[in-house]
Structure formats: C-alpha cells, structure tokens
Amino acid sequence: MSTTTTETPAQGDAHLEIPTTMRAVVVHGPGDYRLEERPVPQPGPGELLLRTDAVGICASDLKCYHGAAKFWGDENRPAWAEADRIPGHEFVGTIVAGDDAALAKRGVMLGDRIACEQIVPCWECRYCLEGAYWMCAVHDMFGFKGFDGAMAEYVLVPAKALTHPVDRALPGQVAAFAEPLSCAFHAVERGEIRFGDTVVIAGAGPIGLSAIAGARQKNPLRIIALDVVDDKLALARKVGADLTINIAQEDAVARVKELTDGYGADVYIEATGHPSAVPQGLNLLRKLGRFVEYSVFKDAVSVDWSIISDDKELDVRGAHLGPHTWPAAIKLLESGTLPMDEICTHQFPLEDFQQALDLVGDSAGASVKVSIIPSLSTPTTSAPTASATRA
C-alpha cells in the first residue's frame, strides 16, 4: 500500500539521540531480502552517519533481486553483488554524526542534507588516477558491493565517497531522485546532442524521463519519446518531449523516418532495459548516428552487427553512472520546474519493501518512481511484509 511522506524534519532533529539498533532490509541472495534489526553504524575518522530521508528503488535493484547475471554472475562473469548487504543506492539523508575533519572536508554541518554518488571509488586504480572515477576497477557501490546502502534507518558515508548538498526543503523522495537524474544526464552528454538533432529516447520510466529532461536542456530540434503506456508518454511531454509514440500502436521506425525526410534520428538513448529496444534503435538511427545504451539488461541481447558497421557506421556508446552531472541534476530539482509529484508516484515504509519492489516490477506501468521513506509508519489498514523469499 502506498503512503505519503510527512513533513521534512527540522535541522535540530539531527541532534536527537542516535539509537544503537535500526531496521534494515538485508540481502541474503537473489529473491531473498529480509527486514532485520541491525546495529546502527558508528562513523570512524573521516566518515559521516546519515539518517536516511529517502531511498529510491532502481530497476537495477529489481534486477539484482531477481538474480540477473550482471549481479550474481554466470558462465561469462563472476558474481559482483554481495549477500549480507543492505541494498539501496539512490538516497539522500541528514547528517547526524561525524568528526570535525569529515564535516570540514565536505563543507557541511550536523543537520545538513546530502546525497551520495552511488560508487565509492578506490582513488588508487588506473581509472581513478586518470580521473575516470566512475569506472573504478574495484567498483565498490552502495547497496551492492563493499558498502551498505540506505534501505535502513541510517547509512554510513565512508571517507572515500562523493557527496553533494541538497536543499532540505525538497521532499525526501524528490531529493533522492538526484541519482537517476544525474545518471540520465550523463547518458545525454554521451549523445553529444546538437541543436539540429532529432533525439529519440526509448522508455518513459525514471531514467527515460530524466534523459528527456536533460536533452531538453540541450535544446535539439526535436525530442521523441517512446513507450507503451500512454500515461507515461503524457508525462514525457511534460518534462520536455516534443513528440511521443506509443510503440504498441504505431511503427516507431517508420514514424521517425517520416519526420526526418527518410534519414532517421541523429541520437537514440536506450532507457528501457528491454532487449527489443536495441534493434529498434539501430533501425531508426540515420547513418553516422549515435546510439547511447544506458540500461542494465536482465536477458541477453542479440543484434545484427552489420547494421552498426557496414550499413550505417554508427557510434555505439555506453553510459554508466552520473559523473560530473550531480550539481546540474540537483539544481534542476531545486528549481521546481519538473512535475516531481507525478514522477515520484509511490512512497512506502521499510516494512513494506516487498510491495515496493513488486510495484517497480509491475510491467503494466502502475508506478513511475517508487521510494522507501524509513520514517514512515505502516498504516493500520495495510498488511506489512517483513520479509520475502522467492524462488
């Protein structure tokens, strides 16, 4: 059962006594997440402790839950995700503890709100030393590997983490949206969008909508959104799409070519995670077009590579995380120009984490962005799910 958030706590609340234990969702393996009592982390030198204001549920959280090879390994790769880990990498929280050096380093005080980038770089590997911290070879990440995430009442911020201040006036679920928004901004940057471009964005979920909002800041000739849910396409127009196509009702490839004198789109950003969206993008791009892949796929994708090479000489670019885009994403959220009440559709207490996960996985499009607000209480009319094990 979805709920609504209460008023954002005042700064003075950060000085309330910190308990010794907390409620937390804990990963025991694919399909086996449980609500448990865990010790509240104690910040060491250079570390901060946050009271979690909100944590969004990402499609990658759901795919990890369902056992995707990207996280749990297969014949081609070892497991990356860890069991006995608290999930949740899209979070914002209020600083409740930390030493003077940690506060001074980040330019914050107790009671301030910050968001954390999802990766915790090692700052020692080749990629970190070259400045590409988001591709860190160790690749520790909140909620998956190395560090616990924020599906809990409190979350520890390690000294190596990257943090950004966020206005406390924003509702928690809106502030936590800085993570998917920053990731989509990076995908937009990878597309090198120009003024005269036709940009097609596949998917009008949280990442797709964020990519549309980011592309709108680049002001190309036209932005076209693709989805199968009319309500999401209507929301896509509100965040900046010029045109929308319901691909269940209309041939997107034919329509895009009709709009571009038969050439096709200049840029295609894939934000669905559905295998069919990949050949769709290859077919609707013009020669010398740019394909940006952001999604994490649960299933393998097969395409005709000759389209990429001999037919069109396409640029195919991956996009991972949101390097250098967080300040811009937070600025856009704080501006109040996006319809966040319609994007952040559902908030749940920790006890109802299973309902939240299931809602994210509902292919009928019943939600857009689902978040967990640890400070919420389960309504007496709901039936809380304290744990879940699925085959």
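Residues D140 and K145 are paired through a salt bridge, judged by an N-O separation under 4.0 Å between the basic side chain and the carboxylate. Between R113 and D53, at least one side-chain nitrogen of the basic residue sits less than 4.0 Å from a carboxylate oxygen of the acidic one, meeting the salt-bridge criterion. Salt-bridge formation is not detected for the pair D266/R222: no Lys NZ or Arg NE/NH1/NH2 atom is positioned less than 4.0 Å from an Asp or Glu carboxylate oxygen. Under the 4.0 Å criterion applied to side-chain N and carboxylate O atoms, E189 and K218 are assigned as salt-bridge partners. Salt bridge annotation for R51-E153: absent, with no cationic side-chain nitrogen under 4.0 angstrom from a carboxylate oxygen. At a threshold of 4.0 Å, the pair D261-R286 does not count as salt-bridged, since none of the basic side-chain nitrogens sits closer than that to a carboxylate oxygen. Between E36 and R23 there is no salt bridge, since none of the side-chain N atoms of the basic residue sits less than 4.0 Å from a carboxylate O of the acidic one. Salt bridge R34/D32: present, at least one basic N to carboxylate O contact under 4.0 Å. For the pair D197 and R290, the salt-bridge criterion is met [side-chain N within less than 4.0 Å of a carboxylate O]. A salt bridge does not link D61 to K63: none of the charged side-chain nitrogens sits closer than 4.0 Å to a carboxylate oxygen. One finds a salt bridge joining R255 and E258 here, because a Lys/Arg side-chain nitrogen approaches an Asp/Glu carboxylate oxygen to under 4.0 Å.
Taken from SG in C58 to CD in E90, the straight-line distance is 4.5 Å, to the nearest 0.5 Å. To the nearest 0.5 Å, atom NE2 of residue H320 and atom CZ of residue R190 are 12.0 Å apart. Going from atom CD of Q280 over to atom CG of D251 covers 9.0 Å, rounded to the nearest 0.5 Å. Atom CE in M340 sits 9.5 Å away from atom NZ in K369 (nearest 0.5 Å). One finds the OG1 atom of T52 at 7.0 Å from the CG atom of L50 (value rounded to the nearest 0.5 Å).
Looking only at distances, a side-chain donor or acceptor of D112 sits under 3.5 Å from a matching main-chain atom of M109. The backbone N or O of A265 lies less than 3.5 Å from no partner atom in the side chain of T260, so there is not a single donor-acceptor pair. A donor-acceptor pair under 3.5 Å links the side-chain atoms of T325 to the main chain of S182, judged by distance alone. Not a single donor-acceptor pair under 3.5 Å links the side chain of D310 to the backbone N or O of S306.
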Practice task
Please assess I114 against H164 for the test side-chain contact (heavy atoms from CB on, under 4.5 Å), listing each intermediate value before the final yes or no.
Solution key: CA-CA 5 Å; I114 58 173; H164 302 275; over 6 Å; no
Handout entry: Intermediate values then yes/no, side-chain contact (heavy atoms from CB on, under 4.5 Å), V26 and D84
Key = CA-CA 6 Å; V26 180; D84 199 35; 3.9 Å; yes
Handout entry: side-chain contact (heavy atoms from CB on, under 4.5 Å) between L170 and E334, worked out
Key = CA-CA 7 Å; L170 288 177; E334 291 176 346; 3.9 Å; yes
Problem - Derivation and outcome, salt bridge (Lys or Arg N to Asp or Glu O under 4.0 Å), residues R317 and D315 - result: CA-CA 6 Å; R317 303 175 181 184; D315 284 342; 3.3 Å; yes
Handout entry: Working for salt bridge (Lys or Arg N to Asp or Glu O under 4.0 Å), residues R216 and D242
Key = CA-CA 9 Å; R216 185 73 279 155; D242 299 298; 3.2 Å; yes
Practice task
Check the pair D99, K105 against salt bridge (Lys or Arg N to Asp or Glu O under 4.0 Å), reporting the backbone distance first and the verdict last.
Solution key: CA-CA 10 Å; D99 60 29; K105 173 187 174 182; over 6 Å; no
Exercise for the section: Decide yes or no on side-chain contact (heavy atoms from CB on, under 4.5 Å) for L359 and F348, but give the supporting numbers first. Expected result: CA-CA 11 Å; L359 185 59; F348 290 86; 3.9 Å; yes
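Outside the 6.0 Å centre-distance limit, the rings of H139 and Y133 are not counted as a close aromatic pair. For F353 and Y33, the gap between ring centers reaches or exceeds 6.0 Å.
Donor-acceptor pairing under 3.5 Å is lacking for the side chains of Q173 and H346. Between the side chains of S371 and Q347, no donor-acceptor pair of N or O atoms lies under 3.5 Å. Between the side chains of D227 and N246, not a single donor N or O lies within less than 3.5 Å of an accepting N or O. Counting only N and O atoms by type, the side chains of Q118 and E179 include a donor and acceptor under 3.5 Å apart.
In this structure the side chain of P158 reaches within 4.5 angstrom of the side chain of F147, judged on heavy atoms. In this structure, the side chains of E342 and K238 come closer than 4.5 Å at one or more pairs of heavy atoms. Residues P206 and F177 form a side-chain contact, since some pair of their non-hydrogen atoms from C-beta on lies under 4.5 Å apart. Residues P339 and L235 are in side-chain contact: their nearest non-hydrogen atoms beyond the backbone lie under 4.5 Å apart. A heavy-atom distance below 4.5 Å is not found between the side chains of L49 and I95. Using a 4.5 Å heavy-atom cutoff, the side chains of P19 and E17 are not in contact. In this structure the side chain of L282 never reaches within 4.5 angstrom of the side chain of Y268, judged on heavy atoms. I224 is not listed as a side-chain neighbour of V199, based on a closest heavy-atom distance of 4.5 Å or more.
Other residues, nucleotides and ligands contribute more than 12 heavy atoms inside 6.0 Å of the CH2 atom of W123. Within 6.0 Å of CG on D362 lie more than 12 heavy atoms contributed by other residues, nucleotides or ligands. At most 12 non-hydrogen atoms from other residues, nucleotides or ligands lie less than 6.0 angstrom from CG of D100. Within 6.0 Å of the CD atom in E250, the count of heavy atoms belonging to other residues, nucleotides or ligands exceeds 12.
With hydrophobic clusters built from ILVMFWY side chains whose heavy atoms lie under 4.5 angstrom apart, I193 shares a cluster with L181. Hydrophobic clustering (side-chain heavy atoms under 4.5 Å, transitive across Ile, Leu, Val, Met, Phe, Trp, Tyr) groups V55 together with L162. Note on Y127: it clusters hydrophobically with M141, by side-chain heavy-atom contacts below 4.5 Å among ILVMFWY residues. Note on L357 and I207: separate hydrophobic clusters, where clusters join Ile, Leu, Val, Met, Phe, Trp and Tyr whose side-chain heavy atoms are under 4.5 Å apart, directly or indirectly. A single hydrophobic cluster is not seen to contain both L110 and L156; linkage of ILVMFWY side chains at heavy-atom distances under 4.5 Å, directly or through other members, places them apart.
Of all heavy-atom pairs between F142 and A161, the closest is CZ-CB, 4.1 Å. For P30 against G67, the heavy-atom pair with the smallest separation is CB-CA, 3.7 Å. Taking both residues in full, the closest heavy atoms of C64 and W72 are given as O-NE1, 2.8 Å, listed atom of the first, atom of the second, then distance. Between L288 and L314, the closest heavy-atom pair is N-CD2, 4.2 Å. In terms of heavy-atom proximity, G208 sits nearest to I201 at O-CG2, 3.7 Å. The two residues E117 and G322 have their closest heavy-atom pair at OE1-O, 4.4 Å.
By the 30° and 60° cut-offs, the orientation of the rings of W134 relative to H186 is perpendicular.
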